[in-house]
K.L.:
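I am attaching a structure below and will ask some questions about it afterwards.
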Amino acid sequence: MKIIFIAPGTLEMPVVKYGGIERVIWNLANGFIHKNYVVKVLSKRNESYDDKLNIVFDPYSDNEIFKKDIVGITKDLSHHPKEYLDGIFTYLEKNLESDDVVFLNHSEQKNIRNYLEDKKIKFFEIGHYKNFSGDTNIIFPSNFLKKMFFLKKGVVIPHPIDFKEFFITQDKPLIDGSYILYVGRINKHKRTKLVFEIAKELRIRCVLAGPIEDEKYAKEFIGDCTYMGNCNSSQLRNLYSNATVTACVTSIFPPEAFGLFQVEAQACGSFVISSKNAGLKDTFFNNSCVEYSDYKGVKKVCAEFNNMINSQDALSKKQISNQAKEKFSIEAVVDTYIEKLDL
């Protein structure tokens, strides 16, 4: 039996900087490898990665046209160009065995789902947002996502975090002094400007890391912040570990499927100010997170945060990291996959 993960064809694997779907796939793949499963990742290849175990198969390298008449398999889709889809189907036709298990990861992989159903191959689709390629065999990363799409059939299993990648570092801080940290895409939906407003109320620096998607919006506040650009995991680990607090105050729509940023921050021992909208609720710990809501407003949220960190019962960085690790580590999540999916 092989376990096959099919990634979108846009970002190289293993991902170095931004790439939520790709990071989840890579963590799961390595988790199954450590459980002695045979694993293959179909993905655009990061040429700088020394793939000693031959995990990554790049469909772009083998795009011989799949000859069968499957409607639309060569359609040029935004995340799955024609040559990428051709390479995936060629690989599956040559290498797929009856006891293999395939994990899909994007709504644009519908034709792959249809192919696997026709072949009677066991497969699952890992949910990353609100779009799915079908209605069955879904792995929802949060209870919210399952409730939102209650007509779709599947189980709830959270996304994993690599605690060898995100941990409390003792390296020299990249930023001196106290600061609030935001990591992610900078746009109105993520409400990055609100993080800056919280920083002003707390009277600490605002540090931003991630791609700017809305330059006009960013210009309203980014000049008064420290902008770190699109950081790699080593830089993020340092920023998380030394932050006074991290913040994720995304608006309710479109919904967040899972609080990946929340968990990374807590893995590095950081307190969090966060919305509890949608999937963020599942990554919220009451003893290390303070809820932000528009009803409360910035002043009240900041007061609650100060009360939390100054309390006699305030958690240490190690305690924050350990409670996140117990639920969201690669080992814990892969064990849940094996149990719930009967692998």
Side-chain angles (χ1 to χ4, degrees), residues 173-231 235-256 258-311 314-315 317 320 324:
L174 294 174
I175 303 291
D176 293 325
S178 299
Y179 60 91
I180 187 171
L181 174 65
Y182 168 83
V183 174
R185 290 173 285 137
I186 297 172
N187 58 37
K188 287 182 180 179
H189 159 58
K190 298 290 186 179
R191 300 205 293 186
T192 319
K193 186 178 180 180
L194 184 54
V195 179
F196 172 60
E197 298 297 331
I198 295 171
K200 287 197 297 183
E201 180 65 23
L202 291 173
R203 297 183 180 181
I204 58 178
R205 185 187 303 195
C206 181
V207 177
L208 310 175
I212 298 173
E213 288 193 338
D214 187 336
E215 292 189 10
K216 184 178 178 181
Y217 172 72
K219 284 180 180 178
E220 295 176 15
F221 56 89
I222 203 164
D224 295 313
C225 302
T226 301
Y227 178 55
M228 301 297 292
N230 200 1
C231 298
Q235 293 167 318
L236 290 177
R237 181 169 62 240
N238 189 299
L239 292 171
Y240 284 135
S241 295
N242 293 290
T244 305
V245 61
T246 55
C248 181
V249 291
T250 307
S251 59
I252 195 167
F253 189 85
E256 293 281 358
F258 182 79
L260 197 65
F261 159 45
Q262 277 182 327
V263 183
E264 289 177 356
Q266 290 175 91
C268 298
S270 177
F271 288 100
V272 173
I273 293 175
S274 174
S275 308
K276 288 179 75 173
N277 298 329
L280 298 179
K281 188 174 183 179
D282 284 25
T283 52
F284 189 100
F285 290 92
N286 289 329
N287 55 2
S288 59
C289 302
V290 171
E291 180 185 2
Y292 176 85
S293 70
D294 292 334
Y295 175 77
K296 286 183 181 180
V298 170
K299 285 185 179 294
K300 186 173 182 180
V301 169
C302 290
E304 289 181 2
F305 170 71
N306 283 324
N307 288 339
M308 172 181 278
I309 63 172
N310 292 317
S311 166
L315 297 187
K317 283 182 173 292
I320 294 172

K.L.:
Which residues pass the side-chain hydrogen bond (donor to acceptor under 3.5 Å, both in side chains) test with Ser293, sequence neighbours left out?
P.N.:
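For Ser293, no residue satisfies side-chain hydrogen bond (donor to acceptor under 3.5 Å, both in side chains) once neighbours in sequence are set aside.
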K.L.:
Does Lys299 come within less than 4.0 Å of Glu304, counting only side-chain N to carboxylate O?
P.N.:
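Answer for the salt bridge query: no.
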K.L.:
Tell me, please, which residues at least two apart from Lys276 pass side-chain hydrogen bond (donor to acceptor under 3.5 Å, both in side chains).
P.N.:
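With sequence neighbours excluded, Lys276 shows a side-chain hydrogen bond (donor to acceptor under 3.5 Å, both in side chains) to no residue whatsoever.
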K.L.:
Within a radius of less than 6.0 Å around NZ of Lys188, do more than 12 heavy atoms belonging to other residues, nucleotides or ligands occur?
P.N.:
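No, the 6.0 Å shell around NZ holds no more than 12 heavy atoms from other groups.
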K.L.:
Please check: side-chain N/O of Thr250 versus main-chain N/O of Arg191, any donor-acceptor pairing under 3.5 Å?
P.N.:
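No; zero donor-acceptor contacts below 3.5 Å.
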K.L.:
Run the salt-bridge test on Asp214 and Lys193 with the 4.0 Å N-O cut-off and return the result as yes or no.
P.N.:
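Salt bridge between Asp214 and Lys193, a charged N being under 4.0 Å from a carboxylate O: no.
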K.L.:
Hey, are the side chains of Leu194 and Tyr292 touching, using non-hydrogen atoms and a 4.5 Å cut-off?
P.N.:
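Yes, close enough: below the 4.5 Å cut-off.
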K.L.:
Test of understanding: with side-chain hydrogen bond (donor to acceptor under 3.5 Å, both in side chains), list the residues that count as partners of Asn307, not counting sequence neighbours.
P.N.:
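Listed in chain order: nothing, the list is empty.
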K.L.:
Are any non-hydrogen side-chain atoms of Arg205 and Ser178 less than 4.5 angstrom apart?
P.N.:
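No, side chains not in contact.
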K.L.:
For Lys190 and Glu256, run salt bridge (Lys or Arg N to Asp or Glu O under 4.0 Å): C-alpha distance rounded to whole Å, both residues' side-chain angles, the deciding distance at 0.1 Å, then the answer.
P.N.:
CA-CA 10 Å; Lys190 298 290 186 179; Glu256 293 281 358; 2.4 Å; yes
K.L.:
Taking atom types as modelled, is there a side-chain donor on Ser288 or Gln266 under 3.5 Å from an acceptor on the other?
P.N.:
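The criterion, which ignores hydrogens and geometry beyond distance, is satisfied for Gln266 and Ser288.
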K.L.:
Under 3.5 Å, side chain of Asn238 to main-chain N/O of Leu174, donor-acceptor pair present?
P.N.:
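Checked: pair present.
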K.L.:
Measure the shortest side-chain to side-chain distance between Val272 and Phe285 over non-hydrogen atoms and say whether it is less than 4.5 angstrom.
P.N.:
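Sidechains of Phe285 and Val272: no contact.
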